[in-house]
Every structure is written in structure tokens, then in C-alpha cells.
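Before any comments, here is the structure.
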2 protein chains.
Amino acid sequence: MDIQLKRGMLDVCVLTAIKNEDTYGYQIIKNVKPYVELSESTLYTILKRLESAQMLTVRTSEHDGRLRKYYHITEKGLKRIEEFKEEWKEIMLIYSFIMKEGDND
Amino acid sequence: MDIQLKRGMLDVCVLTAIKNEDTYGYQIIKNVKPYVELSESTLYTILKRLESAQMLTVRTSEHDGRLRKYYHITEKGLKRIEEFKEEWKEIMLIYSFIMKEGDND
DNA sequence: ACGGTATACATCGTATCACGAAGTATTGTT
DNA sequence: AACAATACTTCGTGATACGATGTATACCGT
């Protein structure tokens, strides 16, 4: 699908994925896979961005000799999700325009 | 609102705006204004892009001494709108993920 | 006559961001 | 021994929305 269309949703997707329990990158990809394809390079870019924006915190942990970075959502991160839900109304307005004009097919 | 979220929708918005009748830039902005804010620089960038992609054709006309460029949608442009409607299903899937996980507020 | 606003289009530069490619390192499987 | 899976990282690129700025004409109030 068109990459551009997903823009702005992926950040919120990642925040949503870690909302209920702290989790790590590789797991996030698996969790969201049924809903949206997310490459590793994309995910880790997003995680960095969200950390910079203080929407999540990181805790490094070792598991079977392998490094794992567990991500935890912050208040700011939760707020971002709520903001998205508000913004979605505007998106639906744009969508309604496209569908409204398309009723004469 | 978050600019990123609109990405990928604006092209289709513009195509939708000229779908029913040939129209020109300044008018398009007015037409879509109730639904989405669209600056001139953004619009003309999009129109150029859509023309390059052969999704619309241009016809220059004079009106009260002022130049006007009327845009006409092509088959390819109409197809793009239909494609968007298909892609929207994937967008709604992503949206459902965000909402599904948010039911424990 | 003058100034401001509306009409109409154009160009440039910038910031944001998704992603493919490639790499490092360990563990499990065949 | 070879390969897949797990796990994270960095680099470079292409797409694109938009503010700033510019050009030019028409209209309207004072």
C-alpha cells in the first residue's frame, strides 16, 4: 500500500503495542504484524523518535544471553494516543469528502 | 493537526475535487476548505505531481485578464481514487488495532 | 488616486519520515 | 557445519507538506 497513507499512524501503533505491558522491539513487530507490516529499520527509528520525545522510557535487560530493550510508555505517550483519537475525526472528515464526491459512480 | 496523518490523502482529495467538473487551483482550495486546510504551495505541488503522473490534464484559459489553468481528471486519476478506497481498508485495520488495545481506559 | 484585499499561479528550501540494505552477535535447528 | 531465528543498529534515499517569497491583475472603499 501507499507508504504515505500510514504516516502518522505508525508512531501511535507502536505506542499502542507497548501500552498494556512493557515489551521489546522484536516482539512489537510480531504483535502488530496482523494489522500492519512494520520493518525492523522502521520500528527502531520510531522507537528512537518516541524516546527522544519522552513518550517512552527504555530499560535494558538480558534474556538468554541476548540483549533486550524493554520499552515503557509514559504519560506523554498515553496523551499522544488520545490526541490521535481526536485527530482521527479530522481524518474522517477528509475521508467523507472523498466518499461524498464519489456517490455518482 | 499532525501533518503526517494527512499524507497520501491530499492527492486523492485534489483528484476528488476535480472529478465532477474541470476546475482550477484557487477554486480547489475553496472547495476543499470545509474539509481540509490546503495551502497554495501544497496544492500547486500536488497538481504538478498529478500531472506528471498523468492523472490529470491541464488546459490554460483566460478569465478577466487573469490566467487560469483548468484541470481535467484522466482515467488514471479516477483509478487512483478507486485504489485509495481499497487502501482505506488497510488503514481501518491499523485504526482498529489502536482502538482495540485502547478499550481498557 | 491610493491602499488594501482578493484572485491566480510559481519556485525554493526545509523538515519529517518510512524503508531497503547491510551489519553485528547469539541461540536453536537440521 | 550450515542455516534460520532472535535482537538491535546505522546509513542513505525518496517522498512530500508547507512556509516564505515573488509576480501580476482586478476590485472596492475612502
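All heavy atoms count here, side chains included; hydrogens, waters and symmetry mates do not. Throughout, a chain's letter reflects where its sequence line sits, starting with A, and its residues are numbered from 1.
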- request: Give me the first and last nucleotide of DNA chain D, going 5' to 3', that has any atom under 4.0 Å from a heavy atom of chain A.
  value: D/dT6 to D/dT16

task: Please identify each residue that fulfils ring-ring contact (aromatic ring centres under 6.0 Å, His included) with A/Tyr71, with sequence neighbours left out.
output: none

- request: Check salt bridge (charged side-chain N to carboxylate O under 4.0 Å, His left out) between A/Arg66 and all other residues, then give those that pass, not counting sequence neighbours.
  value: none

query: In chain order, what residues pass the salt bridge (charged side-chain N to carboxylate O under 4.0 Å, His left out) check against A/Glu40, with sequence neighbours excluded?
result: none

message: If you assign B/Lys69 and B/Arg66 each to the DNA chain C nucleotide with the nearest heavy atom, which residue ends up on the more 5' nucleotide?
response: B/Arg66

Any side-chain heavy-atom pair of B/Asp22 and B/Ile18 under 4.5 Å: no

task: Using a cut-off of strictly less than 4.0 Å between a heavy atom of the residue and any atom of DNA chain D, enumerate the qualifying residues of residues 47-64 of chain B by number.
output: B/Arg49, B/Asp64

- request: Please list, chain by chain and in numerical order, all residues satisfying side chain to side chain donor-acceptor pair (under 3.5 Å) with A/Thr42, sequence neighbours excluded.
  value: A/Ser39

- request: Assign each of A/Leu67 and A/Ser41 to its nearest nucleotide of DNA chain D by heavy atoms, then name whichever residue's nucleotide is nearer the 5' end.
  value: A/Leu67

message: Using a strict heavy-atom distance below 4.0 Å, which residues from residues 2-15 of chain A are in contact with DNA chain D?
response: A/Gln4, A/Arg7

- prompt: First contact, last contact: which nucleotides of DNA chain C are these for chain A, 5' to 3', heavy-atom distance under 4.0 Å?
  reply: C/dT16 to C/dT27

task: Kindly write out the residues that satisfy salt bridge (charged side-chain N to carboxylate O under 4.0 Å, His left out) with A/Glu83, not counting sequence neighbours, or none if the list is empty.
output: A/Arg80

- request: Name the residue closer to the 5' end of DNA chain C, choosing between A/Glu40 and A/Glu37 according to the nucleotide with the nearest heavy atom.
  value: A/Glu37

ILVMFWY clustering at 4.5 Å (side-chain atoms), partners of A/Tyr70: A/Tyr24, A/Tyr26

- line: For A/Met55 and A/Leu15, the nearest pair of non-hydrogen atoms, with its separation, is O-CD2, 3.9 Å

- prompt: Mind checking whether B/Lys89 and B/Met92 have side chains closer than 4.5 Å, heavy atoms only?
  reply: no

- prompt: So, does B/Thr74 use its side chain to make a donor-acceptor pair with the main chain of B/Gln54 at under 3.5 Å?
  reply: yes

Test salt bridge (charged side-chain N to carboxylate O under 4.0 Å, His left out) applied to B/Glu37 - qualifying residues, sequence neighbours left out: B/Lys33

message: Would you say that A/Trp88 contacts A/Met9 through its side chain, given a criterion of any heavy-atom pair below 4.5 Å between the two side chains?
response: yes

- prompt: Who are the side chain to side chain donor-acceptor pair (under 3.5 Å) partners of B/Glu90, not counting sequence neighbours?
  reply: none

